[in-house]
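For reference, the structure discussed in these notes is given below.
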Amino acid sequence: MRFSRMLIPTLRDAPKDAGLISHKLLIRAGFIRPLAAGIYTLLPLGQKVRLKIEKIIREEMDAIGGQEISLPVGVATPHEEAVTDLVRREIRSYRQVPLVLYQIQTKFRDEPRPRGGLIRVREFTMKDAYSFHSSEDDLDAFYPKIRQAYEKIFRRCGLEPVIVQGDPGLIGGKDSHEFMLLSDAGEDQVALCEQCRYAANREIAQIFKASVNPTEPMLPLEEVATPGCESIQALAEFLKITPERTAKAVFSIADERDFVFALIRGDLEVSETKLANTVGARTLRPATGAEIRSIGAVPGYASPVGLSRQSAVKIVVDDSIVHERNLVSGANKEGFHLRNVNYGRDFIADVVADIALVREGDPCPNCQSPLILKNAIELGHIFKLGTRYSEAMGAKILTQDASEKLLVMGCYGIGIERLMAAVVEAHHDEQGIIWPEEIAPFHIALLVLNTDRTEQTELAEKLYALLRVAGLEVLYDDRSESAGVKFNDADLIGVPYRIVIGSRSITNKTIELKRRRDGAKRELSYAQGLEALVHTLKAERGW
RNA sequence: CGGAGAGUAGCGCAGCGGUAGCGCGCACGGUUUGGGACCGUGAGGUCGCCGGUUCAAAUCCGGCCUCUCCGACCA
């Protein structure tokens with residue numbers, strides 16, 4: 001393409017409301033334009049990159065037997081249901097599975113809070129894929145394939161995400177992995193163990209919980225006055241004990257219906273995600289003081305001890321509590337706590353579960369080394385759905401022995417524009433974007449510096465034509481701008497290679513080839529003819 | 001949805017009661033052209049919207065809208 005004919009509105013200054021580097025650069029370099037909060041127009045350059053990413057995804061999905069389809073854009077129907085419905089109608093026999101269907105389609109999400117340019121938007125392109133299997137074993141066998149396909153997709157886009165255990169959510173499959181690109185621009189957090197490579201989304205990461213005093217004999221309950229001790233910290237200081245010796249109560253309302261009373265060791269925090277998954281809640285919000293009092297508890301002085309059991313109150317106890325002895329917990333009386341509270345003797349839970357939120361430095365569940373927390377961008381998510389949808393919708397097949405069996409499903413997603421933004425986050429410098437070759441909008445930027453010198457423009461035109469014939473995508477900067485403008489735009493846009501034709505090219509019979517990634521330069525002679533030069537160039541690509 | 005900030009030319013900003021400004025960009029002419037050149041001329045704005053106060057509002061007051069950032073969801 002001729003730069004002069006292409007819509008590439010580069011900007012010197014980034015709009016002030018752009019925060020992230022990827023956001024600034026994609027706008028400045030003329031890839032995207034904001035239309036409304038979380039709604040972006042992809043300009044020609046942005047569209048080119050998106051199509052290249054989609055091409056990679058198609059190739060890798062097809063390589064593992066995926067078949068592209070296009071599901072109708074249901075108003076309220078999740079695509080899990082639409083695709084399960086399709087398969088329920090069309091698939092009868094175990095001989096027809098495994099079946100892998102995918103689509104690349106625009107998604108609309110009424111995001112309460114779009115942010116970070118393309119990282120989180122209201123409208124975006126998603127590749128969603130679904131696999132159908134005759135058994136758990138077959139899904140288990142397929143799962144590594146999709147995982148590898150994802151690794152390839154991201155690697156071809158120039159990214160090396162960390163694969164972490166993901167939140168299986170309410171859908172509650174047994175395996176779930178997220179492809180996380182470590183980046184400060186990310187809004188997720190992952191917990192990583194550098195020793196044993198344990199990696200999980202922070203929300204569901206486990207920690208090794210050593211009991212502080214599991215062998216201490218149970219002592220009798222004892223009420224103690226603790227005026228003004230409404231926080232664990234205040235309580236621990238007042239009683240001169242460590243927070244590990246206390247039990248903390250956290251109150252939530254699940255799905256605006258059930259009261260959830262969570263109890264965890266005083267030094268730990270509750271993971272809302274874990275808690276929600278434990279009680280099977282779609283939404284969870286903190287309870288108000290009035291709601292807490294309504295079940296007979298006192299904010300700041302609450303415990304399950306002596307609480308009259310109500311069916312609407314679900315008591316969830318973290319496993320950290322179960323193994324401890326003689327904790328201090330609330331007396332459900334303003335200004336009083338109880339010493340020597342013991343699980344089993346003084347109270348029991350409806351559910352005992354791990355609901356702790358990992359913190360930096362907590363011991364790894366596998367090797368007990370300190371975990372580190374990092375911000376990350378979630379590029380993709382794969383998980384085993386199991387039979388949740390096939391059961392709900394009656395998607396069955398006949399097995400070899402003519403019995404009916406529920407299909408076992410997996411589902412797998414990638415957000416395309418977010419991936420594009422993540423690539424920019426990972427690959428840029430002060431000058432602009434540095435696209436990995438496979439998804440760059442162009443292979444080569446061809447710059448002619450003095451457009452009023454016919455020797456130069458003629459040379460450039462010839463080279464432009466030959467490069468295209470050779471199958472290269474060329475952005476030919478034929479504008480009569482000053483050299484600096486052209487250099488800066490080429491760098492900003494992030495084309496992997498740059499050819500410069502200037503006065504030197506005429507006198508020395510050479511052109512300059514520069515690699516964007518590291519600035520490596522070469523002077524290539526065309527004394528043997530331009531065709532030979534183009535041949536060399538192709539050979540030199542990736543030198 | 002809760003909290004904080006911001007809306008003035010395409011982008012970045014100034015002006016904060018008296019008829020709308022600057023830089024960049026854009027158009028035209030000329031000189032330039034190896035890292036965002038220079039001179040001259042010019043186009044471009046219902047100052048987010050609605051109402052109020054005032055002789056007079058971009059400016060003061062009220063309401064609304066939009067956007068950005070920080071907290072609860074997700075690719």
Side-chain angles (χ1 to χ4, degrees), chain A residues 9-20 23-24 27-28 30 33-39 53 57 78-79 104-129 150 154 161 166-167 169-171 178-181 186-188 201 203 252-253 272-273 276 282-286 376-383 411-422 430-432 447-453 456 479-492 498 500-505 507 511-512 514 519 521 523:
Chain A
T10 58
L11 261 32
R12 292 196 187 208
D13 301 306
K16 69 170 187 305
D17 50 11
L20 297 184
H23 193 194
K24 288 182 182 162
I27 289 176
R28 278 195 58 211
R33 282 295 181 265
L35 186 65
I39 313 271
I53 293 173
I57 290 175
H79 280 124
I104 297 177
Q105 194 183 64
T106 303
K107 292 274 191 288
F108 300 92
R109 293 254 170 98
D110 198 8
E111 279 295 339
R113 177 150 142 60
R115 74 183 92 185
L118 291 183
I119 298 289
R120 166 168 234 79
V121 293
R122 288 211 176 100
E123 191 223 61
F124 65 102
T125 314
M126 180 162 123
K127 188 283 303 183
D128 48 323
Y150 268 46
F154 296 126
D167 173 19
L170 275 185
I171 303 167
E178 293 166 349
F179 291 74
M180 295 289 209
L181 180 72
E187 37 181 5
D188 287 277
N201 188 308
E203 290 297 322
S252 321
I253 304 293
E272 254 191 57
T273 303
R282 259 198 67 73
T283 65
L284 209 60
R285 66 161 172 86
I377 301 169
E378 185 183 349
L379 299 176
H381 193 170
I382 60 176
F383 65 100
C411 87
Y412 322 97
I414 294 175
I416 313 253
E417 289 85 353
R418 177 184 287 183
L419 175 53
M420 191 189 302
E430 310 73 44
Q431 308 306 316
L447 275 49
V448 55
L449 297 187
N450 307 92
T451 47
D452 55 349
R453 303 287 174 79
Q456 289 187 33
R479 299 174 299 170
S480 55
E481 292 286 350
S482 69
V485 170
K486 297 186 182 189
F487 290 141
N488 282 315
D489 275 345
D491 288 347
L492 182 61
R498 187 187 80 187
V500 173
I501 291 176
S503 53
R504 295 208 301 253
S505 307
T507 48
I511 57 108
E512 176 195 286
K514 185 177 178 183
K521 273 189 195 175
E523 290 287 335

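Quick caveat, the model's predicted, so the values are computed rather than measured. These numbers come from the heavy atoms of this one structure, side chains and all, not from hydrogens, waters or symmetry mates. Protein chains get the first letters and strands the later ones, always in sequence-line order, with residue 1 at the start of each.
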Determine, step by step, whether A:Glu512 and A:Arg498 satisfy the side-chain contact (heavy atoms from CB on, under 4.5 Å) criterion, reporting the C-alpha distance in whole Å, the side-chain angles of both residues, the deciding distance to 0.1 Å, and the verdict. CA-CA 8 Å; A:Glu512 176 195 286; A:Arg498 187 187 80 187; 3.1 Å; yes
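Across B:C22 and B:G40, the matching P atoms stand 14 Å from one another, rounded to whole Å. For B:A72 and B:G2, the C1' atoms lie 9 Å apart once the distance is rounded to whole Å. Only the P atoms considered, B:G21 is 31 Å distant from B:C67, to the nearest whole Å. B:G44 and B:A27 have their P atoms separated by 15 Å, given to the nearest Å. Taking atom P in both B:A14 and B:A9, one finds a spacing of 12 Å when rounded to whole Å. Comparing B:A56 with B:G18, their C1' atoms are spaced 7 Å from each other, to the whole Å. Comparing the same atom, C1', in B:C49 and in B:C28 gives a spacing of 37 Å after rounding to whole Å. Between B:G42 and B:U59, the two P atoms lie 30 Å apart (nearest whole Å).
Side-chain atoms of A:Arg418 do not come within 3.5 Å of backbone N or O of A:Leu118 as any donor-acceptor pair. A:Gln456 contributes a side-chain N or O that, together with a main-chain N or O of A:Asn450, makes up a donor-acceptor pair within less than 3.5 Å. A distance-only check finds no donor-acceptor pair linking the side chain of A:Arg285 to the backbone of A:Ser252 [under 3.5 Å]. With hydrogens and angles ignored, the 3.5 Å screen pairs a side-chain donor or acceptor of A:Arg28 with a backbone N or O of A:Arg12. Judged by distance alone, with hydrogens and angles left aside, the side-chain atoms of A:Tyr150 form a donor-acceptor pair with the main-chain N or O of A:Gly413 at under 3.5 Å.
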When every nucleotide of nucleotides 68-75 of chain B is labelled 5' to 3' by its protein contacts under 4.0 Å (heavy atoms), B for base, S for sugar-phosphate only, - for none, what sequence of letters results? SBBBBBBB
Report, as a single string ordered 5' to 3', how protein heavy atoms within less than 4.0 Å touch nucleotides 35-44 of chain B: B base, S sugar-phosphate only, - not at all. BBS-------
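Distance A:Asp13 CG to B:C22 P: 18 Å, rounded to the nearest Å. Rounded to whole Å, the distance from CZ on A:Arg453 to C1' on B:U33 is 8 Å.
Pairing for B:G21 goes to B:C13, judged as Watson-Crick or G-U wobble with the two contacts each under 3.5 Å. Base pairing of B:G51: its partner is B:C61, meeting the Watson-Crick or G-U wobble criterion (both donor-acceptor distances under 3.5 Å). Pair check for B:U33 finds none; no Watson-Crick or G-U wobble contact set falls under 3.5 Å. When Watson-Crick and G-U wobble pairs are counted only if both distances are under 3.5 Å, B:U66 pairs with B:A6. Pairing of B:U41, defined by two Watson-Crick or G-U wobble distances under 3.5 Å, is identified with B:A27. The nucleotide B:C1 finds its pairing partner in B:G71, both defining distances of the Watson-Crick or G-U wobble pair being shorter than 3.5 Å.
Between A:Arg479 and A:Asp489 there is a salt bridge, since at least one side-chain N of the basic residue sits less than 4.0 Å from a carboxylate O of the acidic one. The pair A:Glu123-A:Arg109 does not count as a salt bridge, with every side-chain nitrogen at least 4.0 angstrom from each carboxylate oxygen.
Checked by atom type, the side-chain pair A:Glu417/A:Thr125 shows a donor-acceptor distance below 3.5 Å.
Ring geometry, A:Phe154 versus A:Phe179: the interplanar angle falls from 30° to 60°, so the pair is classed tilted.
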